[in-house]
Every structure is written in structure tokens, then in C-alpha cells.
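Side chains included, hydrogens not; waters and symmetry mates left out as well; all remaining heavy atoms used. For clarity, every value in this text was computed on a predicted model and none was experimentally measured.
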Amino acid sequence: MKTSLLVIFTLLLGLNVEAQRSRSRDMNNIPQSNREPTEQEIAKREREMEERKEEYIDNFLTTLEADDFQKHIIKQNILSFFDEKMAIFKTQYEHSLDRKEAIKNLEDTHFVELEELISEPDMAKIKEMIKGGFDEKDVKKKKKRQRRNRN
């Protein structure tokens, strides 16, 4: 009786351990694609990225205190900044330090002409945004609250 109970317990324990191992193996496997993306998929992805970039910049512009003309100029400068930054990322450099230095130089010099046009708090917000400090979630929450309050 004791041996049969021990055998059953060992069998159940072994099955449980094997089930957990196979489950963890399945979760760690990332499905691999067998094909390259088509031209249509690439174009769609680029279009989505452009739309997302526009939305991000528009959300950022709502936080500024500038007038519409200034916001339009700021938007053009930000778009050109992102395009130049992407060009730097696509350029081959011998060392990663060269790339970091080029990005730092771009961040320091790109918005110099804007400093005369806009206020210091807005310029500080732009510098914070290009460093990655802009949190878009707060802006979306405020927009949602405003829509809810209007209704």
C-alpha cells in the first residue's frame, strides 16, 4: 500500500514538473516570421509612424503658451529636428561616441534661432522634449477631461 501510494505521488509530481517545463518553453519562444515584409506593409508602417509623430508633436504644442504663428514655426523646427536626427542615426560612424557627439551638437544648435522668437518657459519645454522628458499621457488625460466636461 505504501509503495503504490509513493509511486502515484512520484508520478503526479513528475507530470506536474514536466507540464511546467513545457509551458515555460512555450512562453519563451518568440514566433518567427518566415517572410520579409511587403512594400505595402512597409509603406503602411511608415505612414502610421508619420501620423504618430504628427500626433505627438501636436500634443506637445498644446502645452506651449505661444500663439498659432509661433506654434507653426516651432512645429516645422521640431519636424526638421527629427528628420536630421534620423539622418544621423542612419549614417555610419566609426565609433558610437561620434554619433552621440553629432546628436548632442544637433540638440544644442538646432533651436538657436527659436530662442529669440519664443519665451523662455516654452524653450525649456522644447529642450526637455528633445531630451525625452515630455510625457504625453498627461496631455491626453487633460483632453479627455475637457471633452467629458463639454458633454
Spatial distance of atom [atom1] ([X]) from atom [atom2] ([Y]) [nearest 0.5 Å]:
X	Y	atom1	atom2	value
L117	I74	CG	CD1	7.5 Å
F111	K127	CZ	NZ	8.5 Å
R47	I42	CZ	CD1	12.5 Å
N77	H110	CG	NE2	5.0 Å

Next on the checklist: Using the rule given for side chain to side chain contact (heavy atoms under 4.5 Å, CB included), can you reason through I126 versus I118, listing the C-alpha separation, both sets of side-chain angles and the distance that settles it, and then say yes or no?
Outcome noted: CA-CA 10 Å; I126 290 174; I118 62 174; 3.5 Å; yes

Taking distance alone, no hydrogens or angles, what donor-acceptor pairs closer than 3.5 Å link side-chain atoms of residues 88-105 to residues at least two apart or in another chain?
from	atom 1	to	atom 2	distance (Å)
T91	OG1	A87	O	2.6
R99	NH2	T91	O	2.6
K104	NZ	D108	OD2	3.3

Using only atom types and a distance under 3.5 Å, with no angle test, would you say the side chain of [X] pairs donor to acceptor with the backbone of [Y]?
X	Y	answer
E46	A43	no
E84	F81	no
K125	T63	yes
D122	E65	yes

Crowding at [atom1], [X] (>12 non-hydrogen neighbours, <6.0 Å):
X	atom1	result
K53	NZ	yes
E116	CD	no
E120	CD	no
Q76	CD	yes

Item to check | side chain to side chain contact (heavy atoms under 4.5 Å, CB included) between Q70 and D67, intermediate numbers included | outcome: CA-CA 5 Å; Q70 289 174 331; D67 61 2; 3.0 Å; yes

Next on the checklist: Checking T38 against E41 for the side chain to side chain contact (heavy atoms under 4.5 Å, CB included) test, could you report, in this order, the C-alpha distance in whole Å, the side-chain angles of both residues, the deciding distance, and whether it holds?
Outcome noted: CA-CA 5 Å; T38 64; E41 291 172 338; 3.3 Å; yes

Next on the checklist: side chain to side chain contact (heavy atoms under 4.5 Å, CB included) for E51 and Y56? Distances and angles first, verdict last.
Outcome noted: CA-CA 9 Å; E51 290 171 2; Y56 180 80; over 6 Å; no

Checklist entry - Are the side chains of K71 and T62 in touch, meaning some heavy atoms are under 4.5 Å apart? => result no

Checklist entry - Going by heavy atoms in the side chains, are I57 and F82 under 4.5 Å from each other? => result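 Answer yes - side chains close enough.
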
Item to check | Partners passing salt bridge (charged side-chain N to carboxylate O under 4.0 Å, His left out) against D68 (at least two apart in sequence or in another chain) | outcome: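 Per chain and number, D68 pairs via salt bridge (charged side-chain N to carboxylate O under 4.0 Å, His left out) with no residue.
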
Checklist entry - What pairs with E107 under salt bridge (charged side-chain N to carboxylate O under 4.0 Å, His left out), at least two apart in sequence or on another chain? => result K85, K131

Next on the checklist: Please tell me whether M86 and L79 are part of a single hydrophobic cluster in this structure, the criterion being side-chain heavy atoms less than 4.5 Å apart.
Outcome noted: yes

Checklist entry - When clusters are formed by joining ILVMFWY residues with side-chain heavy atoms under 4.5 Å apart, either directly or through shared neighbours, do M49 and I78 land in the same one? => result no

